[in-house]
Amino acid sequence: MRIGNCSGYYGDRLSAMKEQLEGGALDYLTGDYLAELTMLILGRDRMKDADLGYAKTFVRQLTECLLLAKERGVRIVANAGGLNPAGLAETLRKVAADQGADVVIAHVEGDDLLPRAEELGFGSVLTANAYLGAFGIAEALNRGADVVVTGRVTDASVVVGPAIAHHGWGRDDLDALAGAVVAGHVIECGTQATGGNFSGFRSIDRSKPLGFPIAEVAADGSSVITKHPGTGGAVTVDTVTAQLMYEIGGPVYLGPDVSTRLDTMTVTQEATDRVAITGVTGEAPPETAKVCLNTVGGFRNSVEFLLTGLDIDEKAAWIREQMEAAFEAGTRPEVVEWVLDRTDVVDPPTEAAATSLLGLHVKDPQADPVGRAFSSAAIELALASYPGFSVTRPPAAGTPFGVYRPAFVPQTEVPHVVVMPDGERIEIAPPADVASVAELPPAPSGLATAHESVASGGAAGGSASDRSVKRVPLGKLVHARSGDKGGDANLGVWVPADHPRRDDAYAWLAGFLDEDAVRALLPEAAELELEIHPLPNLAAVNVVVHGLLGEGVSSSTRLDPQAKGLGEWFRARDADIPEEFL
């Protein structure tokens, strides 16, 4: 069976649905429109209009493509329902009626736990959505649905559901389910599997828009990742590995249907733009379901001062003293953060090269302390502060921000309901065979070899004294991919598939990249909790940096609030690498 993807987030390429339908044969077309931040955005939409709360762009896509999908025999599954899958399904039925399209549109609900927030101990929240699994989607397809829209399901479920329906899997087919989860994880972020956000982008075809990915899923759960011919980008072991390393934690990838062992798969290049994923094993799913909670955290504002030329530290200190005095004379925001980015260089050839950024970020439960009073205090200093005073943008009013946190409830507490267009409701039972997190198979413990230090050039199998090393950016040896998961960031690092001594180079990498190395290479992580997980089957190491993004993307004041550039920063850092691997 061939399952395509046409969306990796709310705001992805609108034309992708039509491109996938016209590009070649598919059995199913899926789209992922939800993220933790998206749930916050949809929550605000729902506050303004109770009939909203779903991805409006999906309606535009299906309005254009519904008849085309029916003509091609392609069934569509998407989580675009967000906080209102019933509303989205009804809207789509009106679209179908207007077009005379004979299609069956079903939806899956039950994930929205907001009405039970107090009962379940969530407190006062804006959204509370459990991550449902794939068996509801499969049931809707088995009952003849041409289009299935859901609320919050796991990202991979939009792929796993069609695979269950097509191959007739049950809850005991754990290895097959785990294989489909991996295929779903690879394609759910769209073009990130075909060269988007890929550190080896120079090696792919960038002459045309990147093609969206397709997973060919076999009856045993193994898959081949590919794309339509003639589209841009590439499908290689490395582009697939990049997505496999995205937003993961340890080797056990928990989901409501199966716990997937990421340390068991084999990834091989089968042919041009065809990558096979085999050998994935699954274990019983956890007894709990994860719940995405969003709350309104308050209001925030920022101003960035441009500091140019000499005496950067002294200029920064003066404006800081002036703004602190203004706070004391008025109302001090609850949170005040200063960040100085020294991007200036010696003997700068351009004004930009002479300039550093001093960011001032403020937050408060109320709007007034971070509103006009704050902006005015900054701008009133324009003629009375450091030489060359300038800011990156005009002052603005404070804006609301959200705070994300996860919660966990027993799967038996989460309804999982399929609703057919005639109003029939089908209850989906939770899995009977579950495991407590403590009972799940352990991740590999520790690293096999010791790290000596970034400065010393230590390496697995030898030290600087008996091994010739060269100090170069880590990106000369490794690829990397990074991303956000609530307030945490993950950084996946791996040795490219075409490295002539990949196993040896990986042995060095796994020995080198311990907590000391991560803290030295990424000073922002110096005081934060780290997890480091080797994945030898992918020649990779995954690093989880807890708390790097504070209380989530909407709340983070980092220059890179989603940690998208964390991997590229890591690759730009110098380390002593054995010359034999360069």
Side-chain angles (χ1 to χ4, degrees), residues 36-37 245-250 295 297-298 300 302 304 312-313 316-317 320 323-324 332-343 356-364 401-406 443 445-447 450-458 473-474 478 480-493 509-534 541-576:
E36 288 147 2
L37 177 62
M245 299 302 296
Y246 183 62
E247 294 183 345
I248 64 169
T295 59
R300 62 183 291 177
S302 297
E304 286 184 322
I312 296 295
D313 289 333
R320 182 168 181 166
M323 287 301 298
E324 292 288 349
R332 182 182 180 85
E334 184 177 88
V335 176
V336 177
E337 297 179 357
W338 291 90
V339 180
L340 175 59
D341 287 327
R342 289 296 302 265
T343 53
S356 293
L357 287 177
L358 176 64
L360 170 56
H361 309 286
V362 293
K363 300 177 186 176
D364 198 89
F401 70 91
V403 172
Y404 161 82
R405 75 178 193 275
S445 58
L447 296 176
H451 164 74
E452 292 181 80
S453 76
V454 179
S456 73
L474 280 158
V478 299
R481 167 68 64 78
S482 57
D484 63 287
K485 210 63 180 171
D488 302 336
N490 98 286
L491 167 66
V493 184
L509 176 68
F512 167 77
L513 202 57
D514 68 0
E515 288 196 13
D516 289 341
V518 173
R519 297 186 196 283
L521 292 163
L522 304 176
E524 289 184 33
E527 304 299 324
L528 299 176
E529 180 186 349
L530 302 176
E531 292 180 42
I532 300 178
H533 301 284
V541 177
N542 188 51
V543 180
V544 181
V545 185
H546 290 280
L548 183 68
L549 308 180
E551 296 176 304
V553 172
S554 177
S555 175
S556 177
T557 56
R558 290 187 78 249
L559 177 66
D560 175 25
Q562 291 183 286
K564 300 292 189 185
L566 182 67
E568 291 306 289
W569 176 27
F570 177 88
R571 294 180 68 246
R573 295 287 278 155
D574 285 353
D576 294 333

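Since the model is a prediction, treat every value here as computed from it, not as a measurement.
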Next on the checklist: Please check this pair: side chain of Asp484 against backbone of Val553, looking for a donor-acceptor N/O pair closer than 3.5 Å.
Outcome noted: no

Checklist entry - Is a donor on one side and an acceptor on the other found under 3.5 Å between the side chain of Asn490 and the backbone of Met245? => result yes

Next on the checklist: Pair Arg519, Glu527 - check salt bridge (Lys or Arg N to Asp or Glu O under 4.0 Å), show working.
Outcome noted: CA-CA 8 Å; Arg519 297 186 196 283; Glu527 304 299 324; over 6 Å; no

Checklist entry - Does Val478 offer a backbone N or O that forms a donor-acceptor pair with the side chain of Arg571 under 3.5 Å? => result yes

Checklist entry - So, for Leu566 and Ala489, which heavy atoms are closest and what is the spacing to 0.1 Å? => result CD2-CB, 4.0 Å

Item to check | side chain to side chain contact (heavy atoms under 4.5 Å, CB included) partner of Leu528, the single match among Leu548, Asp488, Val544 | outcome: Leu548

Next on the checklist: Ignoring hydrogens, what is the shortest heavy-atom contact between Pro561 and Leu559? Give both atom names and the distance.
Outcome noted: CD-O, 3.3 Å

Item to check | Atom of Asp514, atom of Ile532 and distance for their closest heavy-atom approach | outcome: C-CD1, 3.3 Å

Checklist entry - Where is the tightest heavy-atom contact between Lys564 and Ser482, given as atom of each residue plus distance? => result O-OG, 3.2 Å

Item to check | Arg300 (side chain) donor-acceptor with Ser554 (main chain) under 3.5 angstrom | outcome: yes

Next on the checklist: For a quick check under 3.5 Å, do Trp569 and Glu524 share a side-chain donor-acceptor pair by atom type?
Outcome noted: no

Checklist entry - Under the 3.5 angstrom rule, does the side chain of Lys363 hit a backbone N or O of Glu337 as a donor-acceptor pair? => result no

